[in-house]
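Everything below concerns the one structure shown next.
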Amino acid sequence: MEIAVIGSNGQLGNDIYETLKREKKWDIIGLTHSDVDVSDIDSVFSVFKELKPNIIINTAAFHNVPLCEKEKEKAFSVNSQGAQNLADISNKLKATLIHFSTDYVFDGKKRAPYIETDAPNPLNVYAKSKLEGENRIREVAEKYYILRVAGLYGKYPSRVKGYNFVGLMLKLAKERDEIRVVADEFTTPTYTKEIAEQVRVIIEKEPPYDIYHATAEGECSWYEFAKTIFEIADVRTNLKKAEPGEFATEVNRPKYSVLENFNFKKENLNVFKHWREELEDYLQEVKII
Ligand SMILES: NC(=O)c1ccc[n+]([C@@H]2O[C@H](COP(=O)([O-])OP(=O)(O)OC[C@H]3O[C@@H](n4cnc5c(N)ncnc54)[C@H](OP(=O)(O)O)[C@@H]3O)[C@@H](O)[C@H]2O)c1
(Lines give C-alpha, C1' and ligand atoms only; values in the text may rest on other atoms or scores of the structure.)
Protein backbone atom coordinates (compact mmCIF):
# COMPACT_ATOMS: atom_id res chain seq x y z
CA MET A 1 0.00 0.00 0.00
CA GLU A 2 1.27 3.50 -0.86
CA ILE A 3 0.74 6.48 1.38
CA ALA A 4 1.55 10.07 0.37
CA VAL A 5 2.22 12.65 3.10
CA ILE A 6 1.76 16.25 1.92
CA GLY A 7 3.77 18.78 3.96
CA SER A 8 6.25 16.10 4.98
CA ASN A 9 8.82 18.75 6.00
CA GLY A 10 6.34 20.50 8.33
CA GLN A 11 5.85 20.22 12.09
CA LEU A 12 3.15 17.53 11.91
CA GLY A 13 4.00 16.09 8.48
CA ASN A 14 7.54 15.16 9.55
CA ASP A 15 6.30 13.13 12.53
CA ILE A 16 3.62 11.39 10.47
CA TYR A 17 6.18 10.53 7.79
CA GLU A 18 8.63 9.11 10.36
CA THR A 19 6.02 7.20 12.35
CA LEU A 20 4.54 5.49 9.28
CA LYS A 21 7.95 4.80 7.73
CA ARG A 22 9.12 3.13 10.96
CA GLU A 23 6.38 0.52 10.59
CA LYS A 24 8.04 -0.83 7.42
CA LYS A 25 4.61 -2.00 6.23
CA TRP A 26 3.82 0.60 3.62
CA ASP A 27 5.53 2.70 0.95
CA ILE A 28 5.59 6.23 2.32
CA ILE A 29 6.04 9.10 -0.10
CA GLY A 30 6.88 12.48 1.42
CA LEU A 31 5.80 15.53 -0.57
CA THR A 32 6.82 19.13 0.14
CA HIS A 33 5.37 22.37 -1.21
CA SER A 34 7.89 22.26 -4.07
CA ASP A 35 6.57 18.83 -5.12
CA VAL A 36 2.86 19.72 -5.07
CA ASP A 37 0.77 22.84 -4.55
CA VAL A 38 -2.56 21.72 -3.10
CA SER A 39 -4.31 24.91 -4.22
CA ASP A 40 -3.46 24.19 -7.88
CA ILE A 41 -5.69 21.50 -9.37
CA ASP A 42 -3.25 20.83 -12.26
CA SER A 43 -0.38 20.29 -9.85
CA VAL A 44 -2.52 17.99 -7.66
CA PHE A 45 -3.79 15.91 -10.58
CA SER A 46 -0.43 15.57 -12.35
CA VAL A 47 1.43 14.53 -9.17
CA PHE A 48 -1.17 12.07 -7.88
CA LYS A 49 -2.11 10.51 -11.20
CA GLU A 50 1.54 9.57 -11.46
CA LEU A 51 1.95 8.35 -7.86
CA LYS A 52 -1.51 6.76 -7.44
CA PRO A 53 -1.33 6.43 -3.63
CA ASN A 54 -3.97 4.48 -1.70
CA ILE A 55 -3.97 7.08 1.07
CA ILE A 56 -3.32 10.84 0.82
CA ILE A 57 -2.47 12.58 4.09
CA ASN A 58 -2.73 16.36 3.91
CA THR A 59 -0.93 18.44 6.54
CA ALA A 60 -0.56 21.46 4.23
CA ALA A 61 -2.24 24.69 5.25
CA PHE A 62 -1.91 28.45 5.15
CA HIS A 63 -2.15 28.93 8.90
CA ASN A 64 -0.47 32.20 9.76
CA VAL A 65 -3.60 33.51 11.47
CA PRO A 66 -2.95 37.30 11.23
CA LEU A 67 -1.72 36.97 7.61
CA CYS A 68 -4.87 35.04 6.66
CA GLU A 69 -6.88 38.19 7.60
CA LYS A 70 -4.86 40.17 5.04
CA GLU A 71 -4.62 37.44 2.39
CA LYS A 72 -8.13 36.06 2.49
CA GLU A 73 -8.04 34.75 -1.08
CA LYS A 74 -4.89 32.75 -0.43
CA ALA A 75 -6.34 31.36 2.82
CA PHE A 76 -9.40 30.02 0.98
CA SER A 77 -7.34 28.87 -1.97
CA VAL A 78 -5.03 26.67 0.16
CA ASN A 79 -7.32 25.70 3.02
CA SER A 80 -10.65 25.26 1.18
CA GLN A 81 -9.96 24.82 -2.54
CA GLY A 82 -6.86 22.76 -1.66
CA ALA A 83 -9.04 20.43 0.41
CA GLN A 84 -11.53 20.12 -2.44
CA ASN A 85 -8.76 19.38 -4.96
CA LEU A 86 -7.51 16.57 -2.75
CA ALA A 87 -11.05 15.23 -2.29
CA ASP A 88 -11.48 15.19 -6.09
CA ILE A 89 -8.23 13.33 -6.79
CA SER A 90 -8.90 10.93 -3.90
CA ASN A 91 -12.23 9.99 -5.47
CA LYS A 92 -10.60 9.52 -8.89
CA LEU A 93 -7.97 7.20 -7.40
CA LYS A 94 -10.42 5.56 -4.95
CA ALA A 95 -7.94 6.69 -2.29
CA THR A 96 -8.64 7.64 1.33
CA LEU A 97 -8.00 11.26 2.30
CA ILE A 98 -6.74 12.07 5.81
CA HIS A 99 -6.96 15.81 6.37
CA PHE A 100 -6.23 18.14 9.33
CA SER A 101 -8.42 20.89 10.64
CA THR A 102 -8.44 23.05 13.74
CA ASP A 103 -10.01 23.72 17.14
CA TYR A 104 -10.50 27.30 15.88
CA VAL A 105 -13.64 26.24 13.97
CA PHE A 106 -15.43 26.84 17.32
CA ASP A 107 -16.20 30.22 18.91
CA GLY A 108 -15.37 29.18 22.48
CA LYS A 109 -18.71 30.15 23.97
CA LYS A 110 -19.54 26.61 25.12
CA ARG A 111 -16.92 26.75 27.90
CA ALA A 112 -16.89 22.95 28.01
CA PRO A 113 -15.01 20.55 25.72
CA TYR A 114 -16.40 20.50 22.18
CA ILE A 115 -17.41 17.21 20.58
CA GLU A 116 -17.54 16.57 16.84
CA THR A 117 -21.30 17.22 16.54
CA ASP A 118 -21.15 20.67 18.19
CA ALA A 119 -21.94 23.49 15.77
CA PRO A 120 -18.85 25.36 14.53
CA ASN A 121 -18.79 29.15 14.45
CA PRO A 122 -15.36 30.31 13.26
CA LEU A 123 -14.24 33.77 14.39
CA ASN A 124 -11.48 34.60 11.90
CA VAL A 125 -10.52 34.11 8.24
CA TYR A 126 -8.14 31.23 8.92
CA ALA A 127 -10.82 29.33 10.84
CA LYS A 128 -13.49 30.10 8.24
CA SER A 129 -11.26 28.82 5.43
CA LYS A 130 -10.45 25.64 7.39
CA LEU A 131 -14.13 25.02 8.12
CA GLU A 132 -14.96 25.45 4.46
CA GLY A 133 -12.19 22.94 3.67
CA GLU A 134 -13.84 20.46 6.06
CA ASN A 135 -17.22 21.04 4.44
CA ARG A 136 -15.88 20.57 0.91
CA ILE A 137 -14.31 17.26 1.91
CA ARG A 138 -17.49 16.08 3.63
CA GLU A 139 -19.53 16.94 0.55
CA VAL A 140 -17.13 15.59 -2.07
CA ALA A 141 -14.84 12.86 -0.71
CA GLU A 142 -16.05 9.28 -0.64
CA LYS A 143 -13.43 8.07 1.84
CA TYR A 144 -12.11 10.62 4.32
CA TYR A 145 -10.98 11.30 7.85
CA ILE A 146 -10.85 14.89 9.10
CA LEU A 147 -8.82 15.28 12.30
CA ARG A 148 -9.28 18.50 14.27
CA VAL A 149 -6.05 19.20 16.17
CA ALA A 150 -4.93 22.03 18.50
CA GLY A 151 -1.89 23.72 20.05
CA LEU A 152 0.72 21.65 18.21
CA TYR A 153 4.34 21.22 19.27
CA GLY A 154 6.86 18.67 18.11
CA LYS A 155 10.55 18.13 17.53
CA TYR A 156 10.33 19.71 14.05
CA PRO A 157 9.49 23.41 14.10
CA SER A 158 6.37 24.85 12.53
CA ARG A 159 7.23 26.00 9.01
CA VAL A 160 5.32 29.21 9.67
CA LYS A 161 6.77 30.24 13.02
CA GLY A 162 10.10 28.42 12.97
CA TYR A 163 9.59 27.43 16.65
CA ASN A 164 6.97 25.98 18.94
CA PHE A 165 5.54 27.35 22.20
CA VAL A 166 7.71 25.09 24.37
CA GLY A 167 10.93 26.16 22.67
CA LEU A 168 9.84 29.80 22.76
CA MET A 169 9.21 29.72 26.52
CA LEU A 170 12.58 28.09 27.22
CA LYS A 171 14.30 30.66 25.00
CA LEU A 172 12.53 33.60 26.68
CA ALA A 173 13.48 32.22 30.11
CA LYS A 174 17.13 32.70 29.14
CA GLU A 175 16.62 36.15 27.64
CA ARG A 176 14.10 37.94 29.86
CA ASP A 177 13.72 38.91 33.51
CA GLU A 178 9.97 38.45 33.30
CA ILE A 179 7.72 36.38 31.01
CA ARG A 180 4.05 37.28 30.64
CA VAL A 181 1.62 34.74 29.19
CA VAL A 182 -2.14 34.87 28.58
CA ALA A 183 -4.16 33.15 31.28
CA ASP A 184 -7.62 33.59 29.79
CA GLU A 185 -7.27 31.43 26.63
CA PHE A 186 -7.80 27.71 27.10
CA THR A 187 -6.74 24.89 24.80
CA THR A 188 -5.13 21.46 24.91
CA PRO A 189 -1.50 21.48 23.78
CA THR A 190 -0.83 18.33 21.76
CA TYR A 191 2.42 16.59 20.83
CA THR A 192 2.58 15.94 17.07
CA LYS A 193 4.09 12.49 17.65
CA GLU A 194 0.84 11.41 19.35
CA ILE A 195 -1.19 12.64 16.39
CA ALA A 196 1.10 10.66 14.10
CA GLU A 197 0.41 7.60 16.25
CA GLN A 198 -3.33 8.25 15.96
CA VAL A 199 -2.94 8.39 12.16
CA ARG A 200 -1.16 5.01 12.23
CA VAL A 201 -4.07 3.57 14.22
CA ILE A 202 -6.60 4.95 11.72
CA ILE A 203 -4.72 3.29 8.87
CA GLU A 204 -4.55 -0.03 10.73
CA LYS A 205 -8.11 -0.08 12.09
CA GLU A 206 -10.08 1.83 9.45
CA PRO A 207 -12.78 3.36 11.68
CA PRO A 208 -15.87 4.91 10.00
CA TYR A 209 -15.18 7.85 7.67
CA ASP A 210 -15.94 10.96 9.72
CA ILE A 211 -14.63 14.00 11.57
CA TYR A 212 -12.52 13.15 14.64
CA HIS A 213 -11.23 15.39 17.40
CA ALA A 214 -7.58 14.50 17.97
CA THR A 215 -6.01 16.32 20.92
CA ALA A 216 -4.32 15.39 24.18
CA GLU A 217 -6.50 14.83 27.24
CA GLY A 218 -7.24 17.63 29.71
CA GLU A 219 -7.08 21.37 29.22
CA CYS A 220 -5.07 24.39 30.36
CA SER A 221 -4.51 28.07 29.78
CA TRP A 222 -1.35 29.11 27.92
CA TYR A 223 -0.08 30.43 31.28
CA GLU A 224 -0.61 27.04 32.91
CA PHE A 225 1.12 25.36 29.98
CA ALA A 226 4.14 27.68 30.34
CA LYS A 227 4.22 27.13 34.13
CA THR A 228 4.24 23.35 33.61
CA ILE A 229 7.02 23.57 30.99
CA PHE A 230 9.22 25.42 33.50
CA GLU A 231 8.30 23.02 36.32
CA ILE A 232 9.13 19.87 34.35
CA ALA A 233 12.27 21.37 32.79
CA ASP A 234 13.30 22.68 36.22
CA VAL A 235 13.80 26.21 34.94
CA ARG A 236 13.47 29.04 37.43
CA THR A 237 11.90 32.10 35.89
CA ASN A 238 9.68 35.04 36.73
CA LEU A 239 6.43 33.95 34.99
CA LYS A 240 3.42 36.26 35.29
CA LYS A 241 -0.18 36.09 34.08
CA ALA A 242 -0.78 38.69 31.39
CA GLU A 243 -3.64 41.11 32.06
CA PRO A 244 -6.76 40.39 29.97
CA GLY A 245 -6.33 42.25 26.66
CA GLU A 246 -2.59 42.87 27.22
CA PHE A 247 -1.68 41.07 23.98
CA ALA A 248 -4.79 42.23 22.13
CA THR A 249 -4.59 41.81 18.35
CA GLU A 250 -7.03 42.60 15.60
CA VAL A 251 -7.72 38.92 15.05
CA ASN A 252 -10.55 37.30 16.97
CA ARG A 253 -9.64 33.97 18.53
CA PRO A 254 -11.75 31.63 20.65
CA LYS A 255 -11.01 31.98 24.38
CA TYR A 256 -11.87 28.32 24.88
CA SER A 257 -11.18 25.73 22.20
CA VAL A 258 -10.79 22.50 24.12
CA LEU A 259 -11.81 19.41 22.14
CA GLU A 260 -13.11 16.10 23.42
CA ASN A 261 -12.06 13.07 21.33
CA PHE A 262 -15.58 11.71 21.47
CA ASN A 263 -15.52 9.79 18.18
CA PHE A 264 -12.16 8.08 18.76
CA LYS A 265 -13.29 7.07 22.25
CA LYS A 266 -16.55 5.73 20.85
CA GLU A 267 -14.48 3.50 18.53
CA ASN A 268 -12.12 2.58 21.38
CA LEU A 269 -9.23 3.97 19.35
CA ASN A 270 -8.18 7.09 21.25
CA VAL A 271 -4.37 7.06 21.71
CA PHE A 272 -3.90 10.41 23.44
CA LYS A 273 -2.49 10.86 26.95
CA HIS A 274 -2.95 13.79 29.33
CA TRP A 275 -1.21 16.90 27.93
CA ARG A 276 1.22 16.97 30.87
CA GLU A 277 2.36 13.40 30.18
CA GLU A 278 2.80 14.17 26.48
CA LEU A 279 4.83 17.26 27.42
CA GLU A 280 7.11 15.12 29.60
CA ASP A 281 7.60 12.66 26.70
CA TYR A 282 8.46 15.54 24.39
CA LEU A 283 10.92 17.19 26.80
CA GLN A 284 12.63 13.83 27.21
CA GLU A 285 12.77 13.24 23.48
CA VAL A 286 14.37 16.61 22.78
CA LYS A 287 16.72 16.01 25.75
CA ILE A 288 15.58 19.01 27.82
CA ILE A 289 15.07 16.63 30.76
N1 LIG B 1 0.31 24.52 14.43
C2 LIG B 1 -0.77 24.43 15.21
O3 LIG B 1 -0.72 24.72 16.42
C4 LIG B 1 -2.08 23.97 14.63
C5 LIG B 1 -3.25 24.06 15.40
C6 LIG B 1 -4.46 23.59 14.85
C7 LIG B 1 -4.46 23.03 13.57
N8 LIG B 1 -3.30 22.98 12.84
C9 LIG B 1 -3.34 22.37 11.51
O10 LIG B 1 -2.41 21.29 11.50
C11 LIG B 1 -1.87 21.11 10.18
C12 LIG B 1 -0.35 21.03 10.26
O13 LIG B 1 0.20 22.20 10.82
P14 LIG B 1 1.78 22.35 11.06
O15 LIG B 1 1.96 23.13 12.32
O16 LIG B 1 2.46 21.04 10.89
O17 LIG B 1 2.16 23.29 9.83
P18 LIG B 1 3.60 23.61 9.16
O19 LIG B 1 4.74 23.20 10.02
O20 LIG B 1 3.55 25.02 8.71
O21 LIG B 1 3.58 22.66 7.88
C22 LIG B 1 2.71 22.89 6.82
C23 LIG B 1 3.30 22.30 5.57
O24 LIG B 1 2.43 22.57 4.45
C25 LIG B 1 3.21 23.06 3.35
N26 LIG B 1 2.35 23.90 2.51
C27 LIG B 1 1.88 25.13 2.75
N28 LIG B 1 1.11 25.55 1.72
C29 LIG B 1 1.10 24.53 0.81
C30 LIG B 1 0.49 24.34 -0.45
N31 LIG B 1 -0.27 25.30 -1.02
N32 LIG B 1 0.68 23.18 -1.10
C33 LIG B 1 1.46 22.20 -0.56
N34 LIG B 1 2.08 22.32 0.62
C35 LIG B 1 1.90 23.49 1.31
C36 LIG B 1 4.33 23.84 4.03
O37 LIG B 1 5.40 24.02 3.13
P38 LIG B 1 6.13 25.46 3.00
O39 LIG B 1 6.45 25.89 4.40
O40 LIG B 1 7.34 25.17 2.17
O41 LIG B 1 5.13 26.36 2.34
C42 LIG B 1 4.67 22.88 5.17
O43 LIG B 1 5.47 21.83 4.72
C44 LIG B 1 -2.46 22.25 9.34
O45 LIG B 1 -3.59 21.76 8.64
C46 LIG B 1 -2.91 23.28 10.37
O47 LIG B 1 -4.00 24.07 9.88
C48 LIG B 1 -2.13 23.43 13.35
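Numbering of ligands and ligand atoms starts at 1, following listing order. Source: prediction; values computed, not measured.
Taking only nitrogen or oxygen atoms, main chain and side chain alike, Ser8 does not reach within less than 3.5 Å of ligand 1.
What sits closest to atom 39 (O) of ligand 1 on the protein, heavy atoms only, is Arg159 NE, 2.9 Å.
Taking every non-hydrogen atom of Ser158 and a distance limit under 4.0 Å, the qualifying atoms of ligand 1 come out as 19 (O). Distances below 4.0 Å separate heavy atoms of Gly10 from the following atoms of ligand 1: 19 (O), 21 (O), 43 (O). Within ligand 1, the atoms closer than 4.0 Å to a non-hydrogen atom of Ser101 are 7 (C), numbered from 1 in the order shown. Residue-ligand proximity, Val160 to ligand 1, at heavy-atom distances under 4.0 Å covers atoms 20 (O). Shown in contact with Thr59 at under 4.0 Å from a heavy atom are these atoms of ligand 1, numbered in order with element: 11 (C), 12 (C), 22 (C), 44 (C), 45 (O).
Closest heavy-atom approach to atom 3 (O) of ligand 1 among the candidates Leu152, Asn164, Thr192, Asn58: Leu152. Looking at Gly7, Ala83, Ala61 and measuring to atom 27 (C) of ligand 1, the nearest heavy atom belongs to Ala61.
At a threshold of 4.5 Å between side-chain heavy atoms, the hydrophobic network of Ile, Leu, Val, Met, Phe, Trp and Tyr places Leu147 and Leu20 in one connected group.
There is no side-chain donor-acceptor pair under 3.5 Å between Asn252 and Asn124.
Ion pairing between a basic and an acidic side chain is recognised when a charged N comes within 4.0 Å of a carboxylate O; Glu185 and Arg253 show no such pairing. Salt bridge absent: Glu2 and Lys52 never bring a charged side-chain N and a carboxylate O closer than 4.0 Å. A salt bridge links Lys25 and Glu204; the closest N-O separation between the charged side-chain nitrogens and carboxylate oxygens is under 4.0 Å.
Residue Val36 touches ligand 1 through its backbone alone, judged by heavy-atom distances below 4.0 Å. Heavy atoms of Tyr126 found under 4.0 angstrom from ligand 1 belong exclusively to the side chain.
Residue contact check for ligand 1: Thr32 places no non-hydrogen atom closer than 4.0 Å to it.
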For this session: Take Phe262 and Thr117 through the test side chain to side chain contact (heavy atoms under 4.5 Å, CB included) and record every step on the way to the result.
Result: CA-CA 9 Å; Phe262 184 85; Thr117 47; over 6 Å; no

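Partner of Asp281 under the salt bridge (Lys or Arg N to Asp or Glu O under 4.0 Å) criterion, out of Lys193, Arg276, Lys273: Lys273 alone.
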